[in-house]
Amino acid sequence: MSDQVMTVQLDDPHVRRAGVIVGVLFIIATAFLFLGEMFYKQFLDAPDVLRVAAQNKPVIVLGLTIELICILAMPLIGAFIYPVLSHVSVGLALTYFFFRALEGVILVSVALTNKFSLLSLSEAQLAGADPTLAEAAVMLIRAQNLWGDTAGTLYNIIFALGALCLYGTLFHARLIPRWISLWGLIAIAILLGIVGTAMLIPLPPWAPLLIVPIAVQEMVMALWFIFRGFDFQDITHPHPPLTEIPS
C-alpha cells in the first residue's frame with residue numbers, strides 16, 4: 001500500500017487547541033518568572049538576607065509560588081507541543097520535551113529549593129541559630145544558584161539547547177513565519193554568547209539586558225500560537241496521523 005501524504009488543516013481542533021495551550025504556557029513560563037522575581041528578588045539578593053528575609057516572608061512566599069507555576073509550565077510546553085513537532089521529527093520533539101523537563105527539574109531542585117532555604121535560614125537566625133554557620137550556608141546556596149538559577153550558567157545552557165531544537169524545527173518546517181523562528185535562533189545565539197563570556201570574564205552590569213530579545217520573541221511567538229496556530233502547508237512528506245493532545 002502506498003504512503004499517503006499527510007494534510008493537517010489549520011482549523012483542525014487538535015492543532016488549534018495545541019496552539020492555544022502552548023501559547024498560554026509560554027506566556028506563563030516567561031511572564032510569571034519576571035512577576036515572581038518582583039516580589040522576592042530584592043529581599044533574597046540583599047546582602048543582609050538573613051535579617052530581611054524572615055521579616056518579609058509572606059511576600060517572598062507569594063513570589064516563589066508564582067515562580068513555581070512558571071516552572072511547572074516549562075515541561076508542559078514540551079508535552080503539548082510534542083504531537084505537533086513529531087510531524088516534523090519525533091526525535092527532535094522528544095529532545096525538546098527532554099530539555100524542557102530538565103529545566104523544571106533543575107529549577108525546582110536547585111533554584112527554588114535554595115530560595116526557600118534562604119528564607120528558612122533567616123528564620124533560624126532570628127530564632128538564635130549560629131550566625132557564622134548561617135552565613136556559610138548562604139554563601140553555599142548562592143554559589144549553587146550561580147549555576148542552577150534562572151540566571152545561572154548550567155540552566156541557561158540547557159534552556160538554550162532546548163530552544164535551538166524548537167526554533168530549528170519551526171524554521172525548517174515553516175510551522176510559523178520564519179522571521180519569528182529566525183529571531184529566536186539569533187536571540188539564543190546571543191544568550192549562549194553571554195553564558196560563554198560569563199564563564200571566562202565578569203560581565204558588565206548592563207549585560208542582563210541582552211536577554212530581552214529572547215523574552216520578547218517568546219511573547220510574540222506565544223501570541224502567534226494562540227491567534228494563528230501552526231501552518232502545515234509546507235510539510236508534504238508522509239507522516240503518521242496527529243495524535244490526541246493530552247488533556
Side-chain angles (χ1 to χ4, degrees), residues 1-30 70-109 154-189 191-192 214 217-247:
M1 183 174 62
S2 61
D3 290 328
Q4 294 182 342
V5 175
M6 180 214 60
T7 58
V8 179
Q9 302 299 324
L10 290 176
D11 59 353
D12 185 304
H14 297 158
V15 175
R16 288 299 299 125
R17 184 171 68 168
V20 172
I21 293 174
V22 171
V24 170
L25 288 172
F26 260 107
I27 292 174
I28 293 174
T30 302
C70 152
I71 294 171
L72 294 177
M74 294 174 180
L76 290 177
I77 291 172
F80 279 99
I81 204 173
Y82 171 83
V84 176
L85 297 184
S86 64
H87 281 291
V88 182
S89 170
V90 172
L92 289 174
L94 285 172
T95 301
Y96 180 63
F97 173 74
F98 168 77
F99 279 118
R100 296 254 63 170
L102 189 57
E103 283 183 57
V105 170
I106 289 177
L107 290 179
V108 169
S109 61
L154 180 61
Y155 167 76
N156 277 286
I157 290 174
I158 292 171
F159 167 75
L161 291 175
L164 288 174
C165 179
L166 172 65
Y167 297 132
T169 304
L170 295 176
F171 183 86
H172 170 73
R174 298 178 184 267
L175 293 176
I176 60 175
R178 278 191 160 179
W179 65 267
I180 299 179
S181 304
L182 184 60
W183 180 0
L185 289 169
I186 294 172
I188 288 299
L191 176 62
L192 284 173
I214 188 59
Q217 187 275 344
E218 286 193 343
M219 293 299 93
V220 172
M221 183 175 65
L223 292 175
W224 187 276
F225 286 156
I226 293 171
F227 294 107
R228 299 296 297 273
F230 301 96
D231 185 356
F232 286 87
Q233 65 181 354
D234 288 316
I235 303 179
T236 58
H237 52 284
H239 293 277
L242 186 65
T243 58
E244 177 74 13
I245 304 298
S247 58

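Side chains included, hydrogens not; waters and symmetry mates left out as well; all remaining heavy atoms used. Note that the coordinates shown come from a computational prediction; the quantities given were computed from them, not determined experimentally.
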Heavy-atom pair of closest approach, residues [X] and [Y]:
{"X": "Phe26", "Y": "Met219", "result": "O-CE, 3.5 Å"}
{"X": "Gly168", "Y": "Leu185", "result": "N-CD2, 4.0 Å"}
{"X": "Val20", "Y": "Ile226", "result": "CG2-O, 3.7 Å"}
{"X": "Gly162", "Y": "Phe99", "result": "CA-CB, 3.7 Å"}
{"X": "Ala29", "Y": "Cys70", "result": "O-SG, 3.0 Å"}

Looking at side-chain heavy atoms only, is the closest gap between [X] and [Y] below 4.5 Å?
{"X": "Val220", "Y": "Trp179", "answer": "yes"}
{"X": "Ile180", "Y": "Trp224", "answer": "yes"}
{"X": "Leu164", "Y": "Leu192", "answer": "yes"}
{"X": "Leu85", "Y": "Leu175", "answer": "yes"}
{"X": "Leu25", "Y": "Arg100", "answer": "no"}
{"X": "Val22", "Y": "Val84", "answer": "no"}
{"X": "Leu191", "Y": "Asn156", "answer": "yes"}

Step through it carefully: locate the ring centre of Phe225, locate the ring centre of Phe230, and say whether they are under 6.0 Å apart.
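Between Phe225 and Phe230, the centre distance is under 6.0 Å.
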
Using a 3.5 Å distance criterion without hydrogens, assess whether the side chain of Arg178 forms a donor-acceptor pair with backbone atoms of Leu170.
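Checked: no pair found.
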
Backbone N/O of Pro75 and side chain of Glu103: donor-acceptor pair under 3.5 Å:
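Checked: no pair found.
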
Inter-residue atom distance [X].[atom1] - [Y].[atom2], 0.5 Å rounding:
{"X": "His172", "Y": "Ser181", "atom1": "NE2", "atom2": "OG", "result": "12.0 Å"}
{"X": "Thr30", "Y": "Ile214", "atom1": "OG1", "atom2": "CD1", "result": "8.5 Å"}
{"X": "Leu182", "Y": "Gln217", "atom1": "CG", "atom2": "CD", "result": "10.0 Å"}
{"X": "Leu161", "Y": "Tyr96", "atom1": "CG", "atom2": "OH", "result": "12.5 Å"}
{"X": "Tyr167", "Y": "Trp183", "atom1": "OH", "atom2": "CH2", "result": "10.0 Å"}
{"X": "Ile21", "Y": "Arg16", "atom1": "CD1", "atom2": "CZ", "result": "11.0 Å"}

Could you go through the side chain to side chain contact (heavy atoms under 4.5 Å, CB included) check for Ile77 and Leu166 one step at a time?
CA-CA 11 Å; Ile77 291 172; Leu166 172 65; 5.9 Å; no

